[in-house]
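First up is the structure itself, then whatever we jot down about it.
Computation of the quantities below employed the complete heavy-atom set of this structure, encompassing side-chain atoms and omitting hydrogens, waters and symmetry-equivalent molecules. The chains referred to below are lettered A, B, ... by the order of the sequence lines, with proteins before strands, and numbering in each begins at 1.
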Protein chains: 2
Amino acid sequence: MRVSAKVDYAVRAALELAAADNDGAPIKGDRIAEAQKIPLKFLENILSELRRAGIVGSQRGAEGGYWLAKPAASVSIADIIRAVEGPLADVHGTPPEKLKFTGPAKPLKEVWVAARAGLRSVLDEVTLADVVAGDLPPVVADLVASKGAWSRR
Amino acid sequence: MRVSAKVDYAVRAALELAAADNDGAPIKGDRIAEAQKIPLKFLENILSELRRAGIVGSQRGAEGGYWLAKPAASVSIADIIRAVEGPLADVHGTPPEKLKFTGPAKPLKEVWVAARAGLRSVLDEVTLADVVAGDLPPVVADLVASKGAWSRR
DNA sequence: TGTTTGTCTATTGTTTTAATAGACATTATC
DNA sequence: GATAATGTCTATTAAAACAATAGACAAACA
């Protein structure tokens, strides 16, 4: 699982929007870029994609900026990833449920489907609101507590 | 999670070796390539990496070929991935446990650690022997049975 | 000694990634 | 209505990763 710079930036930018309670006024790209150390122009591209996905709203002009277009509790980390990169998981360009393997590799399809489900069990469950509140769902606590979760292998 | 062609090939090649009970005689790269439709030269590069990682053994010359250097039940899918691509998961080039976030993004570290743990819960548990036998561990069955596991989102 | 096979190093073309640039459209304020 | 501040859109680019491919070389066996 390689989390790209783009996804990393997108998630952090969305969190800034979810956290900012700016009396309903839009937040400037500039301010997000500075707060999270993200290259401004790259961030603007990303925020445009999030807008096209209906996750953020925007306003041009002076006093313009961005805001979250949905309740923070209804936007998952996976939603952000899908908005900027497409499907969460694929194998050599194919979605897991469409894979066909032959010979001893046959059961591999179930393995990749399960791997995706393992990822989803975290990324589909955690919302922007959870992260902002620092109160993550039980599934995260369980996984994080599992042996060796914090060490490299 | 993007499973590259290389990882896909490596896992399937390893499964061919795990499945082949060729009276202890080595299996030719040629035969694996054909059975799994993998470009021969690319496969040879991959098998060399698996050999350097101690997962397969090899013999040159006529009657040469490859074999599994360990019991199939002791090699996990994650072992194969790590051998050919390095760590299972990273965020923008950094392993999850070393991440540092600021402001509202602070709890993100736990989220990425949990996501990696979710992946590991499948990929560290499933061995080549499991796949060859078509008898996957309970964690796979559970995840695969979870709602929506087989559909795209 | 010759043939078959794996090993190693290098190279190539394509795609993706991560960013940058600049013209343009919109909005609020003066 | 002019101006300044902002987001939008299209294009470009440099670097890296990806997916192979090539060929000389080394080892093993018949």
Side-chain angles (χ1 to χ4, degrees), chain A residues 1-13 16-17 22 24-34 36-53 55-69 81 84-87 90-94, chain B residues 1-13 16-17 22 25-34 36-69 81 84-87 90-94:
Chain A
M1 177 186 59
R2 175 158 191 278
V3 177
S4 66
K6 189 176 185 178
V7 163
D8 175 33
Y9 293 161
V11 171
R12 279 156 50 202
E16 285 287 336
L17 293 179
N22 206 10
I27 315 294
K28 300 197 193 314
D30 200 357
R31 203 153 96 51
I32 301 172
E34 202 161 310
Q36 290 291 333
K37 305 285 179 225
I38 302 172
L40 177 60
K41 290 302 265 181
F42 196 9
L43 174 65
E44 283 175 344
N45 291 344
I46 291 167
L47 286 168
S48 285
E49 292 186 58
L50 291 178
R51 184 183 56 82
R52 282 190 285 270
I55 294 173
V56 314
S58 65
Q59 170 94 286
R60 299 211 245 195
E63 304 298 290
Y66 304 88
W67 61 88
L68 214 55
I81 298 178
V84 302
E85 275 200 342
D90 69 89
V91 176
H92 199 172
T94 305
Chain B
M1 176 187 58
R2 178 159 191 279
V3 178
S4 66
K6 188 175 186 181
V7 162
D8 175 34
Y9 294 160
V11 171
R12 281 155 51 202
E16 285 288 336
L17 293 179
N22 206 10
I27 315 295
K28 297 196 195 314
D30 200 355
R31 204 154 96 53
I32 302 173
E34 202 160 310
Q36 290 291 334
K37 306 285 181 225
I38 301 172
L40 177 59
K41 291 301 268 180
F42 196 9
L43 174 64
E44 284 176 344
N45 291 342
I46 291 167
L47 287 169
S48 284
E49 292 186 56
L50 291 177
R51 184 184 56 82
R52 282 190 286 270
I55 293 173
V56 316
S58 65
Q59 170 94 286
R60 301 209 244 196
E63 306 296 292
Y66 304 88
W67 61 87
L68 214 55
I81 298 178
V84 302
E85 274 199 344
D90 69 90
V91 177
H92 198 176
T94 306

Atom pair [atom1] ([X]) and [atom2] ([Y]), whose distance is rounded to the nearest 0.5 Å:
X	Y	atom1	atom2	value
A:E44	A:I32	CD	CD1	10.0 Å
B:L17	B:I27	CG	CD1	6.5 Å
B:N45	B:L40	CG	CG	9.5 Å
A:K28	A:E34	NZ	CD	13.0 Å
A:I38	A:L47	CD1	CG	8.0 Å

Can you give me the closest heavy-atom contact between [X] and [Y], atom names plus distance?
X	Y	value
A:L43	A:A13	CD1-CB, 3.7 Å
B:V3	B:D8	CG1-N, 4.2 Å
B:A69	B:G57	CB-N, 3.8 Å
B:A10	B:I46	CB-CG2, 3.6 Å

Can you check the [X] [atom1] to [N] [atom2] distance for me, whole Å?
X	N	atom1	atom2	answer
A:L47	C:dA19	CG	P	15 Å
B:Y66	C:dT5	OH	P	12 Å
A:L43	C:dA21	CG	P	16 Å
A:I46	C:dT20	CD1	C1'	13 Å
B:D90	D:dA17	CG	P	11 Å
B:L40	C:dT5	CG	C1'	10 Å

**Prompt:** Among residues 48-58 of chain B, which residues get a heavy atom nearer than 4.0 Å to DNA chain C?
**Reply:** B:S48, B:R51, B:R52, B:S58
Below 3.5 Å is the cut-off: list the nitrogen or oxygen pairs between protein and nucleotides 1-3 of chain D, distance only.
none

**Prompt:** Is any side-chain heavy atom of B:R31 closer than 4.5 Å to a side-chain heavy atom of B:Y66?
**Reply:** no
**Message:** So, using ring-ring contact (aromatic ring centres under 6.0 Å, His included) as the criterion, who are the partners of A:Y9 when residues are at least two apart?
**Reply:** A:F42, B:H92
**Fill in**
5' to 3', nucleotides 23-30 of chain D under a 4.0 Å protein heavy-atom cut-off (B base, S sugar-phosphate only, - none) gives B--BBBS-
**Prompt:** What pairs meet the side-chain hydrogen bond (donor to acceptor under 3.5 Å, both in side chains) rule with one or both residues in residues 47-64 of chain B, with sequence neighbours excluded?
**Reply:** B:K6-B:E49
Please list, for nucleotides 18-20 of chain D, all pairs of protein and nucleotide N/O atoms separated by less than 3.5 Å.
unit_1, atom_1, unit_2, atom_2, d
D:dA19, OP2, B:A5, N, 3.4
D:dA20, OP2, B:Y9, OH, 2.8

